[in-house]
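Since the structure comes first, as structure tokens, the remarks are kept for the end.
Computed from heavy atoms alone, side chains included, the values below leave out hydrogens, waters and symmetry copies.
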Amino acid sequence: MSRIEELRAGIRQLGAEAMLVSGELNQRYLTGYPFTDGVLLITQEHAFLITDFRYLEEAQAKADPAFEVVVPQSRVAFVTEWFGRDQVSTVAFEEKSVSWATYQKWLTLYDGIHFVPSGGMLERMREVKSPEELEAIAQAQNIADRAYAELLRRLRPDMTETEVACELDFTMRRLGAQGSSFETIAVSGTASALPHGKPRNIPLERGFLTMDFGALYNGYCSDMTRTVSIGLATSEMKDLYNTVLRAQQEGLARIRAGALCADVDAAARNLIQSSPYRDTFGHGLGHGVGLFIHENPRLSPSAAHVLLKTGNVVTVEPGIYLMGQYGCRIEDMVAVTDEGYSNFTQSPKDLIEIV
């Protein structure tokens, strides 16, 4: 079943006859074309990509031919006309991305139309990746792996955190990325204890340097984290690092289609809880990745009833954070299979010391 037919089936289940899709990444998911000004109108009979003249030629060439590309003088008049033609009285919308102001505006503009939330229908569709999506994610991760390998050859203790982040961002772009899939993290010393710390324009501090970064390729994200030691690692640092690595291995070993997300999280979390670092792993083990950097499914204690499916792409990223001292996180990104998983991330995970 094509994406648009799957969406139409979901629309019917909601008791609606049509859907307005305004989220840019959801629009790209359905049409295969990235644009930033417009809306999709999908009824049971028709599908329109409504935009302006700037996108007309390219959209006609690149968008899914199931969508008719139109540039009406008045978008409201066009949508209203087709609501009437296709006998639409109830319309689904993306309640997670449509603002209250936009919703109130639609109620005024489309008088007589009943709007119903889609219940995360598109988000659920995006959870299982097609072969083409998996290939784009693999390309994104390959770029990130290569950028990390280049960084390791240039990494010096006298660099700043900002320089490390910029080196990764620039190298990913040079290797073919459209950009970074999120703001690159490069934090050292005491700042490595901050899971989402911001790079500082100061020389790298001795201790751990944690780098969390990803490439954007053909609209799809990658996500990885590696931690190295600036200077020789102490025995305590080595013990902490190896505990994180073992926790990741425990989590990875539980991944397969049909596994409970909470059980995968628990496998890694229990190892850390039974170590000297109890209660130092405060976030979920992982999250889905695709057009959005954070998607479902989530590997977390709260996902007690969520099963992994073949085609899910998730991160596995345990960490230990000692407040005021240092922290360590190791993250791979994998595709779930019937038998287990396929790991996109090929960068080594042995503890590297930069001296």
Does a donor on one side chain sit under 3.5 Å from an acceptor on the other, for S180 and D169? yes
Distance only, no hydrogens: is a donor on one side chain within 3.5 Å (strictly under) of an acceptor on the other, for D279 and Q273? yes
Can you find a side-chain donor-acceptor pair between Y217 and Q178 that sits under 3.5 Å? no
Looking only at heavy atoms, which two atoms of R254 and A259 are closest? And how far apart? O-CB, 3.4 Å
Under a 3.5 Å cutoff, is there a donor and acceptor pairing between the side chains of T315 and D223? no
By the ring-ring contact (aromatic ring centres under 6.0 Å, His included) test, which pairs, at least two apart or in different chains, include something from residues 268-316? F281-H283, H283-Y321, H287-H294
Would you name the heavy atoms of P301 and A262 that are closest together and state the gap between them? O-CB, 4.0 Å
Compute whether any side-chain donor of one residue and acceptor of the other, for N296 and E123, lie under 3.5 angstrom apart. no
Take E94 and N26 through the side-chain hydrogen bond (donor to acceptor under 3.5 Å, both in side chains) test and state the conclusion after the steps. CA-CA 9 Å; E94 305 147 285; N26 280 337; 2.8 Å; yes
Please step through side-chain contact (heavy atoms from CB on, under 4.5 Å) for the pair Y326 and E236, ending with a clear verdict. CA-CA 11 Å; Y326 46 67; E236 291 85 357; 3.9 Å; yes
Give me the atom names and distance for the closest heavy-atom approach of A186 to A165. CB-N, 4.1 Å
Are M237 and L232 connected, step by step, through hydrophobic side chains (Ile, Leu, Val, Met, Phe, Trp, Tyr) whose heavy atoms are closer than 4.5 Å? no
Judged by atom type as modelled, is there a donor-acceptor pair below 3.5 Å linking the side chain of E353 to the main-chain atoms of V228? no
Is the backbone N or O of L308 less than 3.5 Å from a side-chain atom of N312, with the two atoms forming a donor-acceptor pair by type? no
Would you find a donor on one side and an acceptor on the other, under 3.5 Å apart, between the side chain of E150 and the backbone of L168? no
Residue E5 excluded, over 12 heavy atoms near CD under 6.0 Å: yes
Kindly say whether the aromatic ring centers of F48 and F78 come within a distance under 6.0 Å. yes
I need the single residue from V313, L291, I293 that forms a side chain to side chain contact (heavy atoms under 4.5 Å, CB included) with Y220. Which is it? L291
Over 60° means perpendicular and under 30° means parallel, so tell me whether W82 and H46 are parallel, tilted or perpendicular. tilted
Step through it carefully: locate the ring centre of W106, locate the ring centre of Y103, and say whether they are under 6.0 Å apart. no
Pair D265-S300, side-chain donor/acceptor within less than 3.5 Å: no
Between A303 and C261, which heavy-atom pair has the shortest distance, and what is it? CB-CB, 3.6 Å
Side chains of K198 and V187, heavy atoms from C-beta outward: is any pair under 4.5 Å? no
Taking all heavy atoms of M19 and all of L7, pick out the closest pair and write down the distance. SD-CD1, 3.8 Å
Just by distance, with hydrogens left out, do Y148 and T171 show a side-chain donor and acceptor under 3.5 Å apart? no
Does either side chain, that of T162 or that of T160, offer a donor lying less than 3.5 Å from an acceptor on the other one? no
Is V316 reachable from I185 through a run of I, L, V, M, F, W or Y residues, each pair having side-chain heavy atoms under 4.5 Å apart? no
Should L151 and V164 be marked as a side-chain contact (heavy atoms from CB on, under 4.5 Å) after you check the CA-CA gap, both sets of side-chain angles, and the distance that decides it? CA-CA 8 Å; L151 174 73; V164 172; 4.0 Å; yes
Hey, could you give me each pair passing side-chain hydrogen bond (donor to acceptor under 3.5 Å, both in side chains) that has a residue in residues 71-80? Not counting sequence neighbours. D37-R75
I'd like to know if the side chain of D145 reaches the main chain of Q346, judged simply by a donor and an acceptor atom lying under 3.5 Å from each other, with no hydrogens or angles considered. yes
Does one hydrophobic cluster hold both L122 and I50, with members joined at side-chain heavy-atom distances below 4.5 Å? no
Counting only N and O atoms by type, is there a donor-acceptor contact under 3.5 Å from the side chain of E17 to the main-chain atoms of T90? yes
Side chains of T227 and T210: any donor to acceptor distance under 3.5 Å? yes
Is the backbone N or O of Y29 less than 3.5 Å from a side-chain atom of R3, with the two atoms forming a donor-acceptor pair by type? yes
Looking only at non-hydrogen atoms, find the nearest pair between A257 and V336 and report the distance. N-CG1, 3.5 Å
Quiz question: by atom type and distance under 3.5 Å, do the side chains of E317 and T225 form a donor-acceptor pair? no
Going by the rule ring pair (Phe, Tyr, Trp, His ring centres under 6.0 Å), which residues pair with F344 if we only count those two or more places apart in sequence or in a different chain? none
Look at the side chain of E161 and the backbone N and O of S188, then say whether any donor-acceptor pair between them is shorter than 3.5 Å. yes
Is there a donor-acceptor pair closer than 3.5 Å between any side-chain N or O of N242 and the backbone N or O of K238? yes
Please check if the distance between the ring centroids of Y110 and F83 is under 6.0 Å. yes
Quick one: are L49 and V70 in side-chain contact, heavy atoms under 4.5 Å? no
Quick check: does any side chain N or O of R246 sit under 3.5 Å from a backbone N or O of I272, one acting as donor and the other as acceptor? no
Quick one: do I352 and I320 end up in the same hydrophobic cluster if we chain Ile, Leu, Val, Met, Phe, Trp and Tyr together by side-chain heavy atoms under 4.5 Å apart? no
Heavy-atom neighbours of K309 NZ exceed 12 at 6.0 Å: no
Any chain of hydrophobic side-chain contacts (each under 4.5 Å) joining V39 to L41? yes
R269 side chain vs G282 backbone, donor-acceptor pair below 3.5 Å: no
Can a side-chain donor-acceptor contact be found between E132 and S130 if the only test is distance below 3.5 angstrom? yes
Is the number of heavy atoms from other residues, nucleotides or ligands under 6.0 Å of Q87 CD greater than 12? no
Using the six-membered ring of Y341, assess whether NZ or CZ of R256 lies under 6.0 Å from its centre and within 45 degrees of the ring axis. no
